[in-house]
Amino acid sequence: MTGAVGTAGAPPNAGTPAPDRPDGAGSGAGPSNDGSSGGGPTPGKLLGSRFAPEVGWLYPLALMSLALGLRWRRTTPRTDRIRGGFVLWGLWLTVSAGVLSAIEVPHTAYVAMLAPALAALSATGIVMFWRAYRDGRRTWALRTAVAAELVWSVFLCFLYPDFLPWLPWLLMAVGAGAITALTLAHRKGLHRGWLATGGLVASLVTLLAAPAAWSLSVLDPQYAGTAMDATAGPFNTGGSAVHRAANVVHGSNAPQGTAAAEASLNESDALTASQHGLLRYAEQHREGATFVFAADSAVMSWNYILATGAKVLPMGGFSGGAPTPTVTEVKQLVAEGRLRYVVLAADGWQGFAQTQGKGNAAITGVRSWVKTACTAVPATAYGGNSADTQGTLYRCGG
């Protein structure tokens with residue numbers, strides 16, 4: 001049988017972004033994605049509201065450390081390790097920032113490639129600036145770094161004023177105290193005294209309090225990001241990668257308005273009643289097969305995996321563009337008794353590559369073979385509602 005049986009169609013609102021989620025971003029007390037703050041290929045996005053609070057708190061310190069480190073050590077021998085370190089981490093930071101600015105960044109975790117360079121340059125800068133201050137030379141560098149970090153950190157905090165509302169005021173108070181203490185100690189020539197040491201401690205609090213607070217926020221599940229987008233703080237992009245994969249962003253034909261659609265787009269690990277029914281049916285009738293079923297869309301299958309740990313075989317990879325498994329491989333799985341059921345997604349649920357028209361010859365071939373060689377199982381067989389199963393269940397072989 002070929003299978004119109006049990007296939008979910010697209011409701012009238014298909015292709016319309018979810019209410020209050022025009023770009024797939026989660027709720028949060030802060031700006032929504034735009035050209036500079038979202039994940040698109042825009043030059044300024046690493047400075048915007050999406051990525052800067054996730055990785056960029058130490059931008060001023062790292063850049064100042066790089067610039068002054070190279071300048072101050074320009075006369076050292078070519079084999080100088082510290083200068084070599086500045087060159088290494090400077091190139092790492094420049095190349096990584098350039099690549100991230102030029103590409104689509106679907107997952108916030110990608111910007112972690114900036115972290116090693118930012119950490120190395122910032123740590124080196126703190127030591128270098130403190131030594132210069134303590135020796136009574138170039139004392140302006142430490143105070144300037146603290147002031148620059150203070151302004152930048154307060155700016156980032158105010159992007160999300162309802163999240164840790166006390167934090168920017170703490171930074172301003174401690175930062176002002178740090179700069180005052182360092183200035184007074186310098187004027188009195190006490191660069192190694194208790195006042196200077198107190199200024200250093202206050203400087204470290206100013207530099208590190210905000211990134212530490214945002215990092216610790218992940219201990220609260222509300223601010224812990226999601227399995228699809230590793231974020232901290234209130235800017236929860238949960239669903240943005242999901243929306244791209246399902247081609248919901250910027251208009252698509254992915255079905256909406258059903259319980260299954262809502263669950264998938266919000267990365268819920270809860271199955272609908274229809275999905276529970278489909279899963280139970282496939283488990284009861286798989287006859288010892290390795291996989292409960294294979295699915296031609298990761299968008300369709302992750303609910304089953306997250307909710308139950310069921311051995312579901314997603315075909316085509318996350319985006320639907322991976323050319324595996326092939327028709328030959330699927331036929332072999334069926335012939336060996338390792339696979340009995342396949343779920344073919346309804347229109348719009350096949351994954352980003354498919355819904356964008358890029359195609360995937362391997363998975364398209366699998367779909368064609370399944371529709372002609374396998375038998376469609378009506379949704380009524382497992383007590384389900386076809387609209388909430390996101391596709392059609394087929395039995396292959398045996």
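Side chains included, hydrogens not; waters and symmetry mates left out as well; all remaining heavy atoms used.
Val218 and Val55 fall into different hydrophobic clusters, where Ile, Leu, Val, Met, Phe, Trp and Tyr residues are linked whenever their side-chain heavy atoms come under 4.5 Å apart, directly or through other members. In the hydrophobic cluster analysis, where Ile, Leu, Val, Met, Phe, Trp and Tyr join through side-chain heavy atoms closer than 4.5 angstrom, Tyr160 is grouped apart from Leu219. Using a 4.5 Å cut-off between side-chain heavy atoms of Ile, Leu, Val, Met, Phe, Trp and Tyr, with links allowed through other members, Val127 and Leu121 fall into different hydrophobic clusters. Under the 4.5 Å side-chain heavy-atom criterion for Ile, Leu, Val, Met, Phe, Trp and Tyr, Leu68 and Val151 are members of distinct hydrophobic clusters. Linking Ile, Leu, Val, Met, Phe, Trp and Tyr whenever their side-chain heavy atoms come within less than 4.5 Å leaves Leu216 and Leu58 in two separate clusters.
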Would you list the atom pairs, donor with acceptor, under 3.5 Å between side chains in residues 84-99 and any protein atom, with sequence neighbours excluded?
unit_1: Trp92; atom_1: NE1; unit_2: Met113; atom_2: O; d: 2.7
unit_1: Thr94; atom_1: OG1; unit_2: Gly90; atom_2: O; d: 2.8
unit_1: Ser96; atom_1: OG; unit_2: Trp92; atom_2: O; d: 2.8

Which pairs of donor and acceptor atoms, one on a side chain in residues 199-209, lie under 3.5 Å apart (sequence neighbours left out)?
unit_1: Ser203; atom_1: OG; unit_2: Gly199; atom_2: O; d: 2.7
unit_1: Thr206; atom_1: OG1; unit_2: Gly175; atom_2: N; d: 3.3
unit_1: Thr206; atom_1: OG1; unit_2: Ala202; atom_2: O; d: 2.8

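In terms of heavy atoms, Trp57 sits closest to Trp152 at O-CD1, 3.4 Å. Residue Tyr382 comes nearest to Leu278 through the heavy atom pair CD1-N, 3.5 Å, listed as atom of the first residue, atom of the second, then distance. The nearest pair of heavy atoms linking Ala310 to Leu279 is CB-CD1, 3.9 Å. For Val327 against Ala362, the heavy-atom pair with the smallest separation is CG2-O, 4.2 Å. The minimum heavy-atom distance linking Lys45 with Leu100 is given by the pair NZ-O, 2.5 Å. Heavy atoms only, all atoms of each residue included: Ile363 and Thr324 are closest at CD1-O, 3.6 Å.
Rounding to the nearest 0.5 angstrom, the gap separating the CG atom in Leu66 from the CZ atom in Arg71 is 13.5 Å. Between Arg340 atom CZ and Cys374 atom SG the span is 10.0 Å, to the nearest 0.5 Å. Considering CG of Leu142 and OG1 of Thr183, their distance stands at 9.5 Å, rounded to 0.5 Å. Taking OG1 from Thr326 and NZ from Lys331, the interatomic distance works out to 9.5 Å, rounded to the nearest 0.5 Å. Taken to the nearest 0.5 Å, the CG atom of Leu333 stands 7.0 Å off from the CG atom of Leu313. Taken to the nearest 0.5 Å, the NE2 atom of His186 stands 12.5 Å off from the CH2 atom of Trp140.
Side-chain N or O atoms of Tyr133 include one that pairs as donor or acceptor with a backbone N or O of Leu182 at under 3.5 Å. Judged by distance alone, with hydrogens and angles left aside, the side-chain atoms of Tyr110 form no donor-acceptor pair with the main-chain N or O of Glu104 at under 3.5 Å. No donor-acceptor distance shorter than 3.5 angstrom exists from the side chain of Thr380 to the backbone of Gly383, with no hydrogens or angles considered. Side-chain N or O atoms of Ser217 include one that pairs as donor or acceptor with a backbone N or O of Gly233 at under 3.5 Å. Listed for the Gln275 side chain is a donor-acceptor partner under 3.5 Å among the backbone atoms of Thr272. A donor-acceptor pair under 3.5 Å is absent between the side-chain atoms of Glu54 and the main chain of Thr231, judged by distance alone. Between the side chain of Tyr59 and the backbone N or O of Leu46 there is at least one donor-acceptor pair closer than 3.5 Å. Remark: the backbone N or O of Arg137 is not paired with any side-chain donor or acceptor of Asp135 at under 3.5 angstrom. Side-chain atoms of Thr372 come within 3.5 Å of backbone N or O of Trp369 as a donor-acceptor pair. Remark: the backbone N or O of Ala345 is paired with a side-chain donor or acceptor of Asp296 at under 3.5 angstrom.
Under the 4.5 Å side-chain criterion, counting only non-hydrogen atoms from C-beta, Asn360 is in contact with Pro323. At a threshold of 4.5 Å between non-hydrogen side-chain atoms, the residues Leu195 and Leu190 do not count as touching. Between Leu393 and Tyr341 the shortest side-chain heavy-atom distance falls below 4.5 Å. Tyr281 has its side chain within reach of Val377: a pair of non-hydrogen atoms, C-beta onward, lies under 4.5 Å apart. Two residues are said to be in side-chain contact when any heavy atoms from C-beta on lie closer than 4.5 Å; Phe129 and Arg143 fail this criterion. Counting only heavy atoms from C-beta outward, the side chains of Leu171 and Glu149 never approach each other to under 4.5 Å.
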Start with the C-alpha distance between Val330 and Met315, add both sets of side-chain angles, then the distance that settles side chain to side chain contact (heavy atoms under 4.5 Å, CB included), and finish with yes or no. CA-CA 10 Å; Val330 172; Met315 298 185 289; 4.1 Å; yes
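For the salt bridge (Lys or Arg N to Asp or Glu O under 4.0 Å) test, no residue two or more places apart in sequence or in another chain qualifies with Arg131. Applying the salt bridge (Lys or Arg N to Asp or Glu O under 4.0 Å) test to Arg338 and every residue at least two apart in sequence or in another chain returns Glu336. For Arg134, there are no salt bridge (Lys or Arg N to Asp or Glu O under 4.0 Å) partners, not counting sequence neighbours.
For Asp80 and Arg74, the salt-bridge test fails: no basic side-chain N is under 4.0 Å from an acidic carboxylate O.
Sorted by first then second residue, the salt bridge (charged side-chain N to carboxylate O under 4.0 Å, His left out) pairs that include residues 276-286, not counting sequence neighbours, number zero.
If you look at Tyr304 and Phe293, their ring centroids are closer than 6.0 Å. Between Trp214 and Phe163, the ring center distance clears the sub-6.0 Å criterion.
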